[in-house]
Amino acid sequence: MADNSRPARPVILGQNQYGKAENRVVKITRDGATHHIKDLNVSVALSGDMEEVHYSGSNANVLPTDTTKNTVFAFAKEHGIESAEQFGIHLARHFVTSQEPIHRARIRIEEYAWERIATSDANSRFIGADEVKHSFVRKGQEIRTTQITYDGESWEVVSGLKDLVVMNSTNSEFWGYVKDKYTTLQEAYDRILATQVAGQWRFSWSDDEQKMPNWERSYEQVKKHMLQAFAETYSLSLQQTLYQMGSRIINNRSEIDEVRFSLPNKHHFLVDLEPFGLKNDNEVYYAADRPYGLIEATILRDGCEARIPVDMTNL
């Protein structure tokens, strides 16, 4: 009888990581009557000497994922949340330096922004304050992201945003493309250009000897240059606009070496109103949510290599 207790070939363990995903932590900073909010979704992934837990089930080198969750909340109190990047750096350094079996930590954070609610003077007087500084409404523009990776020696910080919907109602064309027997799309010399921006950018900062960027200001400036490029580019293709957005960031922000965008083309098609005896002079559109064109590319500072993964959706 054949012995099936051993595999015919050696089986080895490949890349592996573990941690606690999507820890929602909200930190309120009370500066007298003025309050500030940081609202984060923090995912921790750890890797290192983890062969035995896979081969034999021994947990001798395993820091429980529940402990990583508790660390996130404790660090919100101990270190505060100056920025998503700084908070992730604190966490990554802690896990790698405090646990010998852990050689690499990756902290992935989404940040949800809030802004203050403006209240009437009458209501402020009613509650005994000159101005209400503790009421907020959730911003709906975009979700800010960052991913911090640390191996005990070097850092990699990739920040970004997603779900930022932008539109140019003119100054966009699309014509001169390849046509074959399946082509039905009409050339457009004045069209709506809209997309839902997902972008990541990698910082040149990689070790503790370098001066750390101002993470909050950097995010604000990157977003500003990206949006200005979108607005100011007379677009003959979404690819052209994407390149201008990325190159504007690289040219204006010395701390950033690489930008990657994933831009779905949110199509707007002119509605045929002729059956109703109406002329549609680029006024009424049908917004189609699918299928959509998906334009993706990486823009690099000259001399730098690409490190942002082509697909960051499930790393």
Side-chain angles (χ1 to χ4, degrees), residues 21-22 24 39-43 45 83-85 87-88 106-114 138-149 156-168 172 174 192-203 213 215-216 218-233 235 237-253 255-268 287-301 304-315:
E22 300 204 36
R24 282 298 303 273
D39 184 353
L40 306 183
N41 187 20
V42 183
S43 293
S83 67
E85 288 86 353
F87 189 62
R106 188 202 70 199
I107 313 298
R108 183 174 286 174
I109 300 175
E110 295 180 343
E111 179 176 347
Y112 313 112
W114 295 79
R138 172 78 176 271
K139 280 187 178 179
Q141 279 197 315
E142 82 271 4
I143 296 173
R144 179 174 169 179
T145 65
T146 191
Q147 177 176 287
I148 295 95
T149 306
E156 182 181 82
V157 179
V158 178
S159 293
L161 55 79
K162 60 182 181 179
D163 299 338
L164 180 65
V165 180
V166 293
M167 174 191 288
N168 284 329
S172 176
F174 187 59
I192 287 177
L193 181 68
T195 186
Q196 183 169 311
V197 179
Q200 294 88 32
W201 44 91
R202 180 173 57 82
F203 290 87
W215 306 111
E216 296 291 89
S218 180
Y219 180 82
E220 293 171 0
Q221 290 296 305
V222 167
K223 182 181 173 184
K224 180 191 78 172
H225 290 299
M226 178 180 64
L227 290 178
Q228 287 179 345
F230 178 83
E232 295 168 6
T233 299
S235 179
S237 67
L238 184 52
Q239 286 92 331
Q240 177 194 15
T241 299
L242 181 155
Y243 180 78
Q244 291 299 320
M245 291 163 66
S247 60
R248 185 83 68 99
I249 294 169
I250 296 290
N251 288 333
N252 285 278
R253 302 306 305 176
E255 74 274 22
I256 292 168
D257 283 345
E258 177 185 5
V259 181
R260 181 165 181 82
F261 284 119
S262 178
L263 303 183
N265 198 333
K266 301 182 75 67
H267 298 297
H268 290 71
D289 64 344
R290 65 193 65 180
Y292 52 84
L294 183 59
I295 313 302
E296 299 177 305
T298 298
I299 299 91
L300 295 162
R301 187 177 302 281
C304 295
E305 63 175 290
R307 296 180 186 170
I308 299 176
V310 170
D311 186 354
M312 291 187 66
T313 56
N314 190 31
L315 296 180

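As the structure is a prediction and not an experimental result, all values here were calculated from the model.
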*Asks:* How long is the straight-line distance from CD1 of I249 back to NZ of K223, given to the nearest 0.5 Å?
*Replies:* 12.0 Å
*Asks:* Kindly determine whether E255 and Q221 satisfy side chain to side chain contact (heavy atoms under 4.5 Å, CB included), including the steps that lead there.
*Replies:* CA-CA 11 Å; E255 74 274 22; Q221 290 296 305; 6.0 Å; no
*Asks:* Quick one: does D257's side chain have a donor or acceptor within less than 3.5 Å of a partner on R202's backbone?
*Replies:* no
*Asks:* Do Q200 and Q147 pass the side chain to side chain contact (heavy atoms under 4.5 Å, CB included) test, and can you show the C-alpha distance, the side-chain angles, and the key distance before you say yes or no?
*Replies:* CA-CA 9 Å; Q200 294 88 32; Q147 177 176 287; over 6 Å; no
*Asks:* CD1/I143 to CG/D163 distance, rounded to the nearest 0.5 angstrom?
*Replies:* 5.0 Å
*Asks:* Does any part of the side chain of D39, heavy atoms only, come nearer than 4.5 Å to the side chain of R24, both counted from C-beta?
*Replies:* yes
*Asks:* Is there a side chain to side chain contact (heavy atoms under 4.5 Å, CB included) between I256 and S218? Walk through the geometry before answering.
*Replies:* CA-CA 9 Å; I256 292 168; S218 180; 4.2 Å; yes
*Asks:* Return the minimal non-hydrogen interatomic distance between A229 and Q244, and the atom names on each side.
*Replies:* CB-O, 3.6 Å
*Asks:* Using 0.5 Å steps for rounding, measure from the CZ atom of R108 to the OG1 atom of T145.
*Replies:* 9.0 Å
*Asks:* Classify the ring geometry between W201 and Y219 as parallel (under 30°), tilted (30 to 60°) or perpendicular (over 60°).
*Replies:* tilted
*Asks:* Looking only at heavy atoms, which two atoms of E22 and N41 are closest? And how far apart?
*Replies:* CA-OD1, 2.9 Å
*Asks:* If you look at every heavy atom in I295 and L242, which pair is closest and at what distance?
*Replies:* O-CD1, 3.8 Å
*Asks:* Check Q196, E296, K162 against S262 for a side-chain hydrogen bond (donor to acceptor under 3.5 Å, both in side chains) and give me the one that passes.
*Replies:* E296
*Asks:* Can N252 and K224 be said to form a side chain to side chain contact (heavy atoms under 4.5 Å, CB included), step by step?
*Replies:* CA-CA 11 Å; N252 285 278; K224 180 191 78 172; over 6 Å; no
*Asks:* Mind listing the closest non-hydrogen atom pair of F230 and T241 along with its distance?
*Replies:* CD1-CG2, 3.6 Å
*Asks:* For the atom pair CG (L40) and OG1 (T146), what is the distance rounded to the nearest 0.5 Å?
*Replies:* 10.5 Å
*Asks:* Hey, does the side chain of T195 reach the backbone of P264 with a donor-acceptor pair shorter than 3.5 angstrom?
*Replies:* yes
*Asks:* I need the minimum non-hydrogen distance between R144 and W215, along with the two atoms involved.
*Replies:* NH2-O, 3.6 Å
*Asks:* Can you tell me how far apart CG (L238) and OG1 (T233) are? Round to the nearest 0.5 Å.
*Replies:* 11.0 Å
*Asks:* Grab the two heavy atoms, one from F261 and one from G246, that are nearest each other, plus how far apart they are.
*Replies:* CE1-N, 3.6 Å
*Asks:* Look at atom CD of Q228 and say whether more than 12 heavy atoms of other residues, nucleotides or ligands are closer to it than 6.0 Å.
*Replies:* yes
*Asks:* Ignoring hydrogens and geometry, is there a side-chain-to-backbone donor-acceptor pair from H225 to I250 under 3.5 Å?
*Replies:* no
*Asks:* Test your reading of the model: is there a side-chain donor-acceptor pair from E258 to the backbone of T298, 3.5 Å cut-off?
*Replies:* no
*Asks:* CG of L164 to CE of M226: how many Å apart, nearest 0.5 Å?
*Replies:* 5.0 Å
*Asks:* I'd like to know whether OH of Y243 has more than 12 heavy-atom contacts from other residues, nucleotides or ligands below 6.0 angstrom.
*Replies:* no
